[in-house]
Each structure stands twice: as structure tokens, then as C-alpha cells.
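See structure below.
Atoms within a ligand are numbered from 1 in the order they appear, just like the ligands themselves.
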Amino acid sequence: MTASPAPKTYRVKSFGCQMNVYDGERMAELLAEKGMTPAADGQDADLVVLNTCHIREKAAEKVYSDIGRLKKADGSKPLIAVAGCVAQAEGEEIMARAPAVSMVVGPQAYHRLPDLLDKAARGERATDTDMPANAKFDVLPQRRRAGPSAFLTVQEGCDKFCTYCVVPYTRGAEISRPYSDLIAEAEKLIENGAREITLLGQNVNAWTGEDTQGHAIGLDGLIRALDRMPDLQRIRYTTSHPNDVTDGLIAAHGEVAKLMPYLHLPVQSGSDRVLKAMNRSHTADSYLRLLDRFRAVRPDIALSGDFIVGFPGETEDEFADTLKLVDAVGYAAAFSFKYSPRPGTPAAEMDGMIAPEVMDERLQRLQAAINRHQLAFNQASVGKRCTVLVERKGKHPGQWLGKSPWLQSVHFLGDAAIGDVVEVDLIEAGPNSLAGRLVDSAL
Ligand code: SAH
Ligand code: SF4
Ligand code: F3S
């Protein structure tokens with residue numbers, strides 16, 4: 001590689017979960033602090049950061065095809081950095097296979113992107129996949145512009161080692177960011193326009209810290225601290241693990257008005273045999289009882305989950321148990337995936353791989369069930385009066401789009417502005433959104 005002029009514009013493309021999106025925002029802020037500007041829509045960028053996800057198959061293949069396709073209008077290649085979980089897992093291979101890539105940087109090392117850029121300017125290719133816990137948060141620039149709804153990573157990594165999952169390998173061990181850092185970052189986000197904060201973590205409810213008096217607190221304590229911030233209107237958190245749900249977190253749903261009535265609690269399967277093989281350490285029944293406790297304090301809570309179909313050895317009866325669980329819960333939304341063998345994970349070595357056509361068929365049946373419940377949930381919301389946080393303009397003149405407390409997309413006409421929390425009557429429901437009628441002026 002030859003030395004190249006310093007890049008002036010950048011584009012960060014994020015492909016993964018919300019934490020990956022958060023990392024993408026932080027990388028963009030870092031590049032902006034170094035004097036670079038974001039490339040405008042439709043314009044070439046001098047530097048492209050591919051912020052990758054490794055959770056399912058084809059992710060890596062997609063990265064290579066993206067690398068191959070990246071070209072500027074004059075036919076030259078931009079400077080390319082591969083970041084995210086594929087970078088962590090396959091950094092060496094990427095460097096070997098894709099000469100167009102100048103930099104590979106892992107999810108715990110991206111604060112060192114400027115060093116890698118300096119090396120690239122000297123014509124050196126460089127990889128940084130160290131995992132210094134929390135180090136990046138100490139050196140990243142302060143948060144700048146925030147939309148009305150902002151992400152805040154509070155916890156990273158995972159020690160659960162579900163047998164199918166790469167996250168413990170790509171993100172490292174569970175760590176919690178310190179309380180005071182999180183309060184400071186939340187204050188910055190609010191100062192810059194955030195009205196809703198979603199606390200993020202691979203197992204966000206495993207977060208622990210110490211408040212300013214030195215008392216040990218859990219996620220509910222952090223939520224209560226955010227609740228005291230006057231200009232913040234809504235609090236959410238994701239993704240939770242059933243084993244880390246505490247009494248305090250459940251109680252918070254009954255007591256903290258700003259905590260939105262929504263819970264994403266992945267379960268993966270409704271079969272105890274499969275759950276055991278997945279190393280989930282909960283049963284279908286213990287999961288259902290947990291949800292009952294949330295519903296007891298917050299009867300209107302919207303429930304969401306993640307599912308994997310076609311885990312090795314999954315029988316038709318075991319899959320039927322998953323459908324049964326979906327019906328028992330009546331999800332407001334849920335994500336479902338075909339099992340994808342990940343290199344280095346125990347499940348990838350298991351017997352009983354499920355044929356692709358069986359997986360397809362199970363996924364379709366599961367998604368049909370989830371969609372049915374989602375529509376029913378939306379229809380049951382018609383007639384309710386609720387708040388909507390306005391996030392953007394709609395397609396039609398005078399139309400606005402935002403989210404209900406239950407995370408449904410709501411569109412309405414009238415006088416509003418981005419960042420307002422308005423009151424609407426929900427008047428019509430579709431599978432993916434609802435129509436609202438504005439009740440009054442902004443709250
Ligand atoms: N920490 C969270 C989820 C992280 S990954 C949790 O445990 O709930 C997000 C979702 O991707 C998982 O909930 C799971 O449903 C899915 N997933 C993870 N590994 C997968 C694999 N190998 N194949 C298919 N889906 C997978
Ligand atoms: Fe993966 Fe399981 Fe950890 Fe979730 S809890 S990130 S599915 S290992
Ligand atoms: Fe993907 Fe990494 Fe998130 S593998 S799901 S980007 S933690």
C-alpha cells in the first residue's frame with residue numbers, strides 16, 4: 001500500500017445490533033473531532049468504516065462483497081476500515097483476503113482509530129483487536145448532536161456462553177460502565193436534544209455500579225437516577241437476559257413513570273430440552289412466570305423476544321412448544337432467526353443439523369404467529385390515548401412519525417416538531433404502525 005492523502009470525509013455504515021449502531025455513532029464523533037466531516041448523501045467518502053456484525057452466517061461474506069463494491073466516482077477506492085464484530089473475529093483473514101482494507105479495528109479498540117489512520121497515511125496497514133475493558137470510554141470525545149431518541153451503552157460483553165452465540169468471543173467478558181460516566185453522558189445527550197434514552201447492553205440488566213454515596217445499585221437504580229433528570233421524558237433498556245432480572249427492575253416498571261411499558265426479553269425456544277442444549281439456564285415455564293411478574297406491576301406492558309428455529313436436534317414437537325409459548329405470551333413484537341452455525345461455538349459441533357427447507361418452513365410458521373399477535377396487540381391499542389415522541393417528518397405534508405410508549409410506530413397529522421412529546425388518540429391499526437389523532441398542543 002502506498003501513502004495516501006489524509007481523508008477529509010467519512011461514512012460509517014453499521015450492520016449490527018443497537019450497540020453496534022452506538023459504536024458507529026461514537027466512531028463518527030471521533031472522526032469529526034479529528035477534523036473530518038461526514039460525506040453528504042450520495043457523495044463519495046474518502047474513508048468508509050464498515051461496522052460489521054458476526055451474529056449469523058454470511059455476515060463475513062457480505063463484508064467482502066461490500067469491500068469489492070466500494071468505489072468512488074473516479075473509479076478509485078476509498079480508504080477502508082473494517083470495524084465491529086467480524087473485525088474482532090476474523091481480523092487476520094480480512095487483512096489477508098482483502099488488500100483494499102487498510103484498517104481493522106475491534107469493538108473494544110475503536111478509540112484508537114486515529115492512530116490507525118495515521119499509519120494508513122504512511123502507507124501501513126494495521127489491525128487493532130485488543131480488548132482493554134472500558135478503555136475506549138475514557139478517551140472518546142463527549143457526545144454531540146443527539147436525535148430525540150438516543151442510545152447509551154451501559155454494559156458490554158457477555159459471560160453467558162449460549163452454545164450458539166459468538167458474542168462472548170467478539171465482545172469479551174461482561175463489564176459495566178461506571179455510574180458517574182453514565183450520568184455525565186446522559187446529561188450531555190439531553191443537553192443536545194435527547195428526550196428518550198435507551199440504555200444498551202448485550203445483557204443490559206446485568207449492569208451494576210455504585211451511586212454517588214457508594215451504594216451498590218443495579219439497572220433499576222440507574223433508571224431511577226435518569227428519572228430524576230428533568231428534561232428527559234422517556235427511558236428504555238435493551239437487551240435483557242431472563243437470569244439477570246431482579247425484583248428491583250420489576251418494581252421499577254410499576255413505579256417509574258418515565259420507564260416505558262416495553263420489555264424485550266429473548267427466550268429463544270419454548271422447549272426445555274432445546275433451552276438446556278442452548279445453555280440458556282431458564283425454562284419455558286420460569287420465563288413465563290417472570291413475564292407474569294412484570295405484567296402484575298404493569299398490566300399494559302408490551303412484550304418482545306428473540307427466537308431461534310432449527311437449533312441442532314430440534315424436533316417438530318419441540319418447535320411446536322415454541323409456537324405454544326408465543327401464543328401464551330401474546331407478543332407485541334418479536335424477532336426470529338434460523339439457527340446459523342458459528343465457527344468456534346459448541347452448537348456448531350452438535351449432531352442433528354436441521355435441513356434448510358425444514359428451517360424455512362418453521363421460520364415461516366413462527367413469523368406468521370408473531371405477526372398475528374403483533375397485529376392483535378396493535379388493534380387492541382385502538383381507542384387508547386397515549387404520548388408519542390416525535391422522531392421525524394412523514395411522507396405526506398403535515399405528517400409526523402414517532403413512537404408510542406409501547407414502541408409502536410405512530411403517524412399523525414398536525415402541528416408538531418421533532419423532539420416533541422405529544423398526546424394522540426390511536427384511531428387505526430395496521431401490522432406495523434398505527435394512525436393517531438393529535439389531542440392538543442405539545443405537552
Ligand atoms: N444478549 C441477547 C441477544 C444477543 S444476539 C440475549 O441473549 O438475549 C441477538 C439474537 O440473535 C439472539 O437473541 C438470538 O436470537 C440470535 N442469535 C444469536 N446467535 C445466533 C445464531 N448462531 N443463529 C441464529 N440466531 C442467533
Ligand atoms: Fe449470546 Fe447468550 Fe450472551 Fe445473549 S446471553 S449475547 S445469546 S451468549
Ligand atoms: Fe452483531 Fe456484534 Fe451486535 S455480532 S449483534 S454487532 S454484538
*Does Pro266 approach ligand 2 within less than 4.0 angstrom via side chain, backbone, both or neither, non-hydrogen atoms only?*
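Pro266 to ligand 2: no contact under 4.0 Å from either part.
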Give the residue, atom name and distance (to 0.1 Å) of the protein heavy atom nearest [atom].
atom	answer
atom 14 (C) of ligand 1	Gln268 OE1, 3.4 Å
atom 20 (C) of ligand 1	Tyr164 CD1, 3.7 Å
atom 1 (N) of ligand 1	Gln202 O, 2.7 Å
atom 6 (S) of ligand 3	Asn20 CB, 3.6 Å
atom 25 (N) of ligand 1	Arg56 NH1, 3.5 Å

Counting from 1, what ligand 3 atoms have a heavy atom of [X] closer than 4.0 Å?
X	answer
Gln202	7 (S)
Cys85	2 (Fe), 4 (S), 6 (S), 7 (S)
Cys53	1 (Fe), 4 (S), 5 (S), 6 (S)

*Winner among Cys162, Gly201, Cys158, Ser281 once heavy atoms are compared against atom 2 (Fe) of ligand 2*: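 The nearest heavy atom belongs to Cys162.
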*Between Ser340, Ser269, Cys53, Gly201, which one has a non-hydrogen atom sitting closest to atom 23 (N) of ligand 1?*
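That would be Ser340.
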*Can you find a side-chain donor-acceptor pair between Asp23 and Tyr110 that sits under 3.5 Å?*
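The answer is yes; a qualifying pair exists.
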*Please determine, by modelled atom types, if Gln155 and Asn203 share a side-chain donor-acceptor pair under 3.5 angstrom.*
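The criterion, which ignores hydrogens and geometry beyond distance, is not satisfied for Asn203 and Gln155.
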Test: [X] and [Y] ion pair at under 4.0 Å:
X	Y	value
Glu174	Lys160	yes
Lys276	Asp272	no
Arg26	Glu185	yes

contact_flag [X] ligand 1 heavy-atom lt 4.0 Å:
X	result
Glu57	no
Val167	no
Arg280	yes

_Does atom CD (Gln142) have a neighbourhood of more than 12 heavy atoms from anything else shown, all under 6.0 Å?_
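It does not: Gln142 CD has 12 such atoms or fewer within range.
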*Any atoms of ligand 1 less than 4.0 Å from a non-hydrogen atom of Thr239? List them with their elements.*
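Per the distance check, 2 (C), 8 (O).
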_Check contact between Met19 and ligand 3, using heavy atoms of the residue and a distance below 4.0 angstrom._
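Met19 does not count as a contact of ligand 3 under the 4.0 Å cut-off.
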_Check for me whether Gln18 has a heavy atom closer than 4.0 Å to any atom of ligand 3._
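No, Gln18 has no heavy atom closer than 4.0 Å to ligand 3.
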